[in-house]
Amino acid sequence: AARAAAPVGPRGTERVVLACDGKTVRGSRTRTGPATALFAVFEHRHRLVLTQRAIADGNEIAAFAATLDTLPDLHEILISADALHTQREHADYLHARGGHYLFTIKRNQPTLHTALARLPWAQVERQLRRQRGHGRAETRSIAVLAAASVPGIDRLVPHAAQVIRVIRSRTDRATGKRSREVVYAITSLDHRSADPGLLADWLQNHWGIENRVHHVRDVTHGEDASRIRTGTGPQLMAALRNTDLNLARLRGE
């Protein structure tokens with residue numbers, strides 16, 4: 001029998017994508033010690049918090065692997081994280097566990113940021129997306145190049161396959177004020193696994209952990225106003241708030 005035709009487009013539409021980010025529970029600060037800081041893992045598609053761990057000694061970088069270690073399997077899972085976690089050690093850790101990364105690049109990585117800014121982006125075909133919402137109109141221009149275009153990329157971020165540039169142009173519909181932001185990112189997924197559209201979606205959805213978890217806990221649950229400070233109390237209450245959010249999302253709310 002003839003084999004079915006291979007699906008058109010890159011693999012990865014159904015890929016599990018997890019966002020990692022830290023949050024400070026501001027109301028837990030005491031007279032003698034800092035506020036409790038927590039590092040969480042958030043699943044993009046279903047908007048669920050999967051795990052959370054206290055950040056020891058304010059070291060969020062060290063919390064990355066320690067928190068992901070609580071998840072039994074990262075095989076073929078994509079981890080998105082902000083520029084703080086664009087670290088060689090993190091890339092090696094995910095590769096060793098069979099996972100992939102999508103890291104943002106900012107000026108805290110000056111060598112890599114400069115190398116990406118100097119790439120011939122003007123010669124690259126771009127994908128444009130337009131969105132309206134929250135009182136503004138936004139246009140996003142997405143361009144992708146092979147990571148091999150960056151000299152010494154393996155020394156800077158191992159296992160890299162593609163580099164991304166996103167230009168966000170926003171117009172406030174009430175005031176007419178315009179802004180423009182250029183964002184760079186890097187991923188271990190190659191073009192067969194992630195096209196520009198998927199990468200743009202994953203970069204944008206990464207901030208769901210801020211908008212759909214941290215913001216909701218602060219505003220709806222009043223987490224920042226909570227004065228629970230003793231022992232592991234702040235961490236326990238944050239876990240209960242995450243559970244409440246997860247139950248609401250599983251009910252379709």
Student: Would you compute the distance between atom CG of Leu112 and atom CG of Leu156 and round it to the nearest 0.5 angstrom?
Tutor: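 CG of Leu156 is found 5.5 Å from CG of Leu112.
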Student: Within a reach of under 6.0 Å around CD of Glu125, are more than 12 heavy atoms found that belong to other residues, nucleotides or ligands?
Tutor: no
Student: With side chains defined as the heavy atoms from C-beta onward, is the minimum distance between Arg178 and Arg180 less than 4.5 Å?
Tutor: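 Sidechains of Arg180 and Arg178: no contact.
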Student: Would you mind reporting whether His191 and Val144 have side-chain heavy atoms less than 4.5 Å apart?
Tutor: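 In short, these two side chains do not touch, never coming nearer than 4.5 Å.
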Student: Mark yes when over 12 heavy atoms from residues, nucleotides or ligands other than Arg140 sit less than 6.0 Å from its CZ; otherwise mark no.
Tutor: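 Yes.
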Student: Before giving the answer on side chain to side chain contact (heavy atoms under 4.5 Å, CB included), spell out for His214 and Asp21 the whole-Å C-alpha distance, their side-chain angles and the decisive distance to 0.1 Å.
Tutor: CA-CA 10 Å; His214 298 169; Asp21 196 32; 3.6 Å; yes
Student: Sort and list the pairs that fulfil ring-ring contact (aromatic ring centres under 6.0 Å, His included) and have at least one residue in residues 220-250, not counting sequence neighbours.
Tutor: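 Listed once each, the pairs would be none.
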Student: From Leu78 CG over to Leu199 CG, what is the distance, rounded to the nearest 0.5 angstrom?
Tutor: 8.5 Å
Student: Do Leu38 and Leu68 share a hydrophobic cluster (ILVMFWY, side-chain heavy atoms under 4.5 Å, transitive)?
Tutor: no
Student: So Val166 and Val182, side chain to side chain contact (heavy atoms under 4.5 Å, CB included) or not? Walk me through it.
Tutor: CA-CA 6 Å; Val166 178; Val182 180; over 6 Å; no
Student: Using the side chain to side chain contact (heavy atoms under 4.5 Å, CB included) rule, take Leu145 and Trp121 through it: C-alpha gap first, then chi angles, then the decisive distance, then the call.
Tutor: CA-CA 8 Å; Leu145 281 167; Trp121 295 108; 3.8 Å; yes
Student: May I ask you to check whether over 12 heavy atoms, not counting those of Arg118, lie within 6.0 Å of atom CZ?
Tutor: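 No, the 6.0 Å shell around CZ holds no more than 12 heavy atoms from other groups.
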Student: Could you tell me the separation between the OG1 atom of Thr104 and the NE2 atom of His206, rounded to the nearest 0.5 Å?
Tutor: 6.0 Å
Student: What are the two closest heavy atoms between Ser188 and Ala161, and how far apart are they?
Tutor: O-CB, 3.5 Å
Student: Taking side chain as C-beta onward, heavy atoms only, is Cys20 less than 4.5 Å from Ile79?
Tutor: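 Yes, side chains in contact.
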Student: For atom CZ of Arg126, is the number of surrounding heavy atoms from other residues, nucleotides or ligands below 6.0 Å larger than 12?
Tutor: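 Open.
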Student: Between Asp190 and Ser193, is any pair of side-chain heavy atoms under 4.5 Å apart?
Tutor: yes
Student: I'd like to know if the side chain of Arg165 and the backbone of Leu119 have a donor-acceptor N/O pair within less than 3.5 Å.
Tutor: no
Student: To the nearest 0.5 Å, what is the distance between CG on Leu128 and CD1 on Ile142?
Tutor: 7.0 Å
Student: With rounding to the nearest 0.5 angstrom, report the CG to CG distance, Asp82 to Leu102.
Tutor: 11.5 Å
Student: Salt-bridge test for Arg168 and Glu138: reply yes if a basic N is under 4.0 Å from a carboxylate O, no otherwise.
Tutor: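 Salt bridge: no.
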Student: Which is it for Glu210 and Lys23 under the salt bridge (charged side-chain N to carboxylate O under 4.0 Å, His left out) test, yes or no, and what are the steps along the way?
Tutor: CA-CA 9 Å; Glu210 289 277 358; Lys23 181 186 187 297; over 6 Å; no
Student: State, to 0.1 Å, how close Thr139 and Arg130 come at their nearest heavy-atom pair, and which atoms those are.
Tutor: OG1-CG, 3.7 Å
Student: Please check this pair: side chain of Asn205 against backbone of Asp201, looking for a donor-acceptor N/O pair closer than 3.5 Å.
Tutor: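 Side chain of Asn205 to backbone of Asp201: a pair is present.
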Student: Heavy-atom distance under 4.5 Å between the side chains of Ser179 and Arg136, does that happen here?
Tutor: no
Student: Is there side-chain contact between Tyr101 and Tyr93, with at least one heavy-atom pair below 4.5 Å?
Tutor: no
Student: Is it the case that the side chain of Thr175 and the backbone of Lys177 share a donor-acceptor pair, with hydrogens and angles ignored and the cut-off at 3.5 Å?
Tutor: yes
Student: Give me each pair satisfying ring-ring contact (aromatic ring centres under 6.0 Å, His included) with a member in residues 143-175, each pair once, sequence neighbours excluded.
Tutor: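 Pairs touching residues 143-175 that pass the test: His95-His159.
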Student: So does Arg229 have more than 12 non-hydrogen atoms from other groups sitting under 6.0 Å from CZ?
Tutor: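 More than 12 within 6.0 Å, yes.
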Student: Within a strict 4.5 Å, meaning less than it, do heavy atoms of the Val150 and Val163 side chains meet?
Tutor: yes
Student: How would you list, by chain and number, every residue that makes a side chain to side chain donor-acceptor pair (under 3.5 Å) with Arg227, sequence neighbours excluded?
Tutor: none
Student: Are Leu116 and Val124 grouped together when hydrophobic residues (ILVMFWY) are joined by side-chain heavy atoms under 4.5 angstrom apart?
Tutor: yes
Student: Sub-3.5 Å donor-acceptor pair from the side chain of Trp207 to the main-chain atoms of Arg212, do we have one?
Tutor: no
Student: Within the distance-only criterion (no hydrogens, no angle test), does the side chain of Gln109 pair as donor or acceptor with the backbone N or O of Thr86 below 3.5 angstrom?
Tutor: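 Yes.
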Student: Please check this pair: side chain of Ser149 against backbone of Ala146, looking for a donor-acceptor N/O pair closer than 3.5 Å.
Tutor: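 Pair found, side chain donor or acceptor close to backbone of Ala146.
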Student: Under the ring-ring contact (aromatic ring centres under 6.0 Å, His included) rule, what pairs show up with a residue in residues 65-86, not counting sequence neighbours?
Tutor: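 Counting only pairs at least two positions apart or across chains, the ring-ring contact (aromatic ring centres under 6.0 Å, His included) contacts touching residues 65-86 are Phe39-His85, Phe64-His85, His85-His90.
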Student: Among Leu247, Val41, Asn246, find the residue that satisfies the side chain to side chain contact (heavy atoms under 4.5 Å, CB included) test when tested with Leu48.
Tutor: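 Per the side chain to side chain contact (heavy atoms under 4.5 Å, CB included) rule, the option paired with Leu48 is Asn246, out of Leu247, Val41, Asn246.
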Student: Checking Gln162 side chain against Leu189 main chain: does a donor-acceptor pair fall under 3.5 Å?
Tutor: yes
Student: What heavy-atom pair brings Ile228 and Pro234 nearest, and what distance separates the two atoms?
Tutor: O-CG, 3.3 Å
Student: Would you say Val17 and Ile77 make side-chain contact, with heavy atoms under 4.5 Å?
Tutor: no
Student: Remaining members of Val216's ILVMFWY cluster at a side-chain heavy-atom cut-off under 4.5 Å?
Tutor: Phe42, Val49, Ile209, Val213, Leu245
Student: Closest approach of Leu203 and Ala185, non-hydrogen atoms and distance?
Tutor: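 Looks like CD2-CB, 3.8 Å.
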Student: So for atom CD, which belongs to Gln123, do other residues, nucleotides or ligands contribute more than 12 heavy atoms lying within a distance under 6.0 Å?
Tutor: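 Counting other residues, nucleotides and ligands, CD of Gln123 stays at 12 neighbours or fewer.
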Student: What heavy-atom pair brings Arg129 and Ala200 nearest, and what distance separates the two atoms?
Tutor: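 Heavy-atom minimum between the residues: NH1-CB, 4.4 Å.
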Student: Check for me, please, whether Leu250 and Leu18 land in the same ILVMFWY cluster - side-chain distances under 4.5 Å, paths through other members count.
Tutor: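 Leu250 and Leu18: one cluster.
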Student: Run the side chain to side chain contact (heavy atoms under 4.5 Å, CB included) check on Lys106 and Leu84 step by step: do they pass?
Tutor: CA-CA 9 Å; Lys106 291 187 177 178; Leu84 179 65; over 6 Å; no
Student: Test your reading of the model: is there a side-chain donor-acceptor pair from Ser28 to the backbone of Thr36, 3.5 Å cut-off?
Tutor: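 At least one qualifying donor-acceptor pair exists.
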Student: Quick check: does any side chain N or O of Arg88 sit under 3.5 Å from a backbone N or O of Arg155, one acting as donor and the other as acceptor?
Tutor: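 Answer holds: yes.
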Student: Do any side-chain atoms of residues 51-58 form donor-acceptor pairs under 3.5 angstrom with protein atoms, and if so which ones, sequence neighbours left out?
Tutor:
residue: Thr51; atom: OG1; partner: Thr70; partner atom: OG1; Å: 3.0
residue: Gln52; atom: OE1; partner: Arg217; partner atom: NH1; Å: 3.1
residue: Gln52; atom: OE1; partner: Asn242; partner atom: ND2; Å: 3.1

Student: Show the nearest heavy-atom pair for residues Ala83 and Asn108, with the distance to one decimal.
Tutor: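 Closest heavy-atom pair between Ala83 and Asn108: O-ND2, 3.3 Å.
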Student: Ignoring hydrogens and angles, tell me if any N or O in the side chain of Gln87 forms a donor-acceptor pair with the backbone of Glu89 under 3.5 Å.
Tutor: no
